[in-house]
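Here is how names work: the chains are called A, B, and so on, in the same order as the sequence lines, proteins then strands, and each is numbered from 1. Both backbone and side-chain heavy atoms feed into the values below; hydrogens, waters and symmetry mates do not. Being a predicted model, the structure only gives us computed values, none of them experimental.
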Amino acid sequence: MLRLAKIHASYGSVRALDDVSLEVGEGQIVCLLGANGAGKTTTLNCISGLVSIPSGSITFDGEDITNAGAETVVAKGIVQVPEGREIFPTMSVEDNLILGAWLQKDRRAARQRLEHVYDMFPRLKERARQSAGTLSGGEQQMLMIGRALMARPKLMMLDEPSLGLSPLLVQQVFEIIKTIHAEGMPILLVEQNARLALNVSSYGYVLENGEIAFHGPAETLKQDQKINEAYLGV
Amino acid sequence: MILQATLSGIVMGCVYALIALSLVIIYKSTDVVNFAAGEFVMIAGYLGLLLLDHFGLNYPLMVVLTVTLMFAFGALFERTALNKIVGFKYAAEAALVPMVVATIGLSFMLKGAVRVIPSTEEVLRLPPLFSGPPVFFANIVLQRQDIGIVIVAVLVMIALTLGFNFTAIGKALRATSQNPRAAALIGIPVKRMRMMAWGLASGLAGISGILLSPKLLMTPDMGNVVMLGIAASIVGGFTSLVGCVIGGIVLGVVQNLIGIFVSPQAIAVTPFFIIMLVLVMRPNGLFGEAMRLKKV
Ligand SMILES: Nc1ncnc2c1ncn2[C@@H]1O[C@H](COP(=O)(O)OP(=O)(O)OP(=O)(O)O)[C@@H](O)[C@H]1O
Ligand SMILES: [Mg+2]
């Protein structure tokens with residue numbers, strides 16, 4: 001469904017990605033693992049059109065979306081939940097969510113979508129009128145996921161959704177990822193928490209210094225000696 | 001006397017507030033202080049006069065056309081000059097200084113361009129929106145043009161409040177200014193929004209020019225009024241739109257009172273005095289959010 005073929009990316013003279021190829025199939029959760037600075041966020045930003053790539057290609061649903069620009073990528077159905085707390089802090093929770101449906105022309109459908117998101121995150125409904133900046137870290141993470149869902153994505157990318165959350169909240173976030181996936185959504189999941197990520201994924205890639213060092217079915221990666229040592233702390 | 005001075009201070013303050021709003025809208029959406037805002041005010045005044053005298057437009061049409069042209073001009077400047085400086089899209093931080101320098105350059109260019117036109121050597125005057133005999137109110141005299149200024153300014157402020165809080169595009173503008181990355185990731189056209197913010201701010205400067213030109217002497221140096229806009233926005237911490245309005249009005253009134261109680265010569269230094277005072281006492285302004293630290 002989503003295919004990256006030999007993409008390269010650099011920031012000025014700093015090379016960030018080298019010959020990265022990966023694929024996310026229909027209805028799959030695929031995880032992208034790697035240490036700090038390995039290039040995980042850069043990979044997602046190349047897909048989202050925030051970082052342009054000088055060579056290589058990105059296709060989605062058979063269409064070429066290489067360097068298509070952020071707006072087009074969202075319109076095609078790929079939505080990224082970025083790393084950190086990327087919300088609109090002084091706007092209400094509800095406005096944050098509604099903005100997620102910016103490209104949806106059908107306002108009525110967007111309303112229905114909002115109800116759906118509220119069903120999934122009752123906490124956000126309680127906080128609907130509150131400004132988003134006053135939410136807790138976990139609630140802000142939920143808000144970002146909800147906002148992405150408002151765009152009716154065909155594929156979601158999540159960048160370290162467990163970052164900075166307590167173990168209980170991490171569990172909750174992963175439950176939500178599973179719920180979204182159960183509705184048929186393919187997901188590209190970036191994580192440093194390799195064990196958790198591999199548990200929900202069917203396939204995994206490991207980035208090291210901007211290159212794909214290993215990839216394989218999640219079960220295989222979990223067994224792999226080297227990966228165990230480097231990423232699972234065994 | 002004091003009441004009269006206060007009222008006329010409020011009138012001028014309304015215009016300062018509009019200039020401050022123009023500055024803050026640009027600052028919030030592109031992190032740039034537009035040092036050419038005063039020249040935008042100035043060229044709008046001359047443009048209005050040109051449309052009235054040379055092209056024989058009627059007043060309302062002149063206002064609409066001037067504001068539209070100013071909108072287009074601001075948007076164009078953002079798209080052609082600033083966007084080139086920003087270069088890659090979301091690394092605007094690195095380009096801040098060149099962008100500010102570009103606005104300073106623009107201010108000199110506009111001033112220079114206007115000076116080339118021979119008729120601008122003499123002091124010109126744009127007719128006011130409303131003219132006619134003053135209105136007496138107990139022992140206060142109200143000029144019709146002043147009433148006009150307050151009405152227009154208040155209408156503009158109401159329109160901005162409604163626009164930013166209740167329309168989809170206004171919310172998208174706010175979202176883009178608060179977090180351009182997140183905005184881009186949900187498909188908001190960030191570049192177009194920045195352009196729109198510049199257009200909107202220039203249109204506001206245009207309205208200020210039309211309101212102000214009948215009251216001040218029109219000269220190519222009239223853009224110095226930007227200092228008053230900056231002072232008003234500083235009171236608002238450069239981020240609060242409400243703060244701009246209050247700041248503008250306070251500034252207008254304080255200026256006039258200082259003119260009475262201290263000396264008319266002291267009026268000119270009032271904005272600088274207020275800027276210093278606010279910066280020393282409350283660096284974030286009276287209404288500002290804490291200054292955002294820039295990631296490097
Ligand atoms: N805007 C930027 N300008 C310059 N270099 C950058 C920029 N963003 C990332 N880099 C560099 O590119 C490399 C990859 O960064 P990236 O953010 O993709 O890593 P990551 O795998 O997401 O790391 P983390 O787990 O810490 O989020 C790093 O060496 C980083 O320093
Ligand atoms: Mg990252």
Side-chain angles (χ1 to χ4, degrees), chain A residues 10-12 41 44-45 47-52 67-92 94-105 107 110 131-133 140 143-144 146-153 156-159, chain B residues 24-25 27-29 83 86-95 161-196 236-243 284 287-293 295-296:
Chain A
S10 46
Y11 298 101
T41 300
L44 295 194
N45 283 344
I47 301 169
S48 284
L50 297 189
V51 172
S52 59
N67 296 329
E71 200 188 341
T72 312
V73 172
V74 177
K76 296 272 184 227
I78 305 180
V79 179
Q80 181 189 153
V81 177
E83 167 180 34
R85 304 285 169 253
E86 305 268 5
I87 53 161
F88 307 118
T90 73
M91 302 176 80
S92 71
E94 185 149 316
D95 278 348
N96 269 262
L97 289 173
I98 287 172
L99 277 164
W102 171 256
L103 288 175
Q104 304 307 118
K105 289 296 157 257
R107 290 286 110 190
S131 60
Q140 292 187 7
L143 178 60
M144 290 203 298
R147 189 180 61 193
L149 285 171
M150 289 296 293
R152 292 190 160 275
M156 263 175 103
M157 306 192 291
L158 292 106
D159 196 351
Chain B
V24 168
I25 286 172
Y27 178 73
K28 286 180 74 137
S29 54
N83 230 309
V86 176
F88 41 148
K89 280 174 268 182
Y90 303 96
E93 286 91 347
T161 310
L162 296 179
F164 276 126
N165 288 299
F166 300 105
T167 67
I169 199 126
K171 286 179 189 174
L173 276 166
R174 281 168 65 208
T176 307
S177 90
Q178 288 181 21
N179 193 334
R181 226 177 93 75
L185 287 176
I186 50 179
I188 294 175
V190 170
K191 281 189 161 193
R192 222 174 309 150
M193 289 296 150
R194 291 165 63 100
M195 213 169 106
M196 195 117 69
F238 240 97
T239 48
S240 156
L241 299 186
V242 179
N284 293 326
F287 303 89
E289 307 146 12
M291 283 282 179
R292 288 166 295 165
L293 279 181
K295 278 183 259 172
V296 183

### Query
Of all of A:Ala151, A:Gly100, A:Ser52, A:Ser92, which one pairs up most often with chain B through heavy atoms under 4.5 Å apart?
A:Gly100

### Message
Using side chain to side chain contact (heavy atoms under 4.5 Å, CB included), reason through A:Glu71 and B:Lys191 one step at a time and then give a plain yes or no.
### Response
CA-CA 10 Å; A:Glu71 200 188 341; B:Lys191 281 189 161 193; over 6 Å; no

### Query
Once you round to the nearest 0.5 Å, how far does CZ of B:Arg174 lie from CE of A:Met91?
4.0 Å

### Closest non-hydrogen atom pair, A:Val74 against B:Ala184
CG2-O, 4.1 Å

### Query
Which residue out of A:Val73, A:Leu103, A:Val79 racks up the most heavy-atom pairs below 4.5 Å with chain B?
A:Leu103

### Side chain / backbone / both / neither for A:Ile78 at chain B, heavy atoms under 4.5 Å
neither

### Query
How long is the gap from CG on A:Leu99 to CG on B:Asn179, to the nearest 0.5 Å?
11.5 Å

### Query
What distance do A:Phe88 atom CZ and B:Ile186 atom CD1 have between them, rounded to the nearest 0.5 Å?
4.0 Å

### Query
What option among B:Ala175, B:Ala172, B:Ala168 has the most heavy-atom pairs under 4.5 Å with chain A?
B:Ala175

### Message
If I measure from the heavy atoms of chain B, does A:Asn45 come under 4.5 Å with its side chain, its backbone, both, or neither?
### Response
side chain

### Task
Measure the spacing between OG of A:Ser48 and CZ of B:Arg181 and express it to the nearest 0.5 Å.
8.5 Å

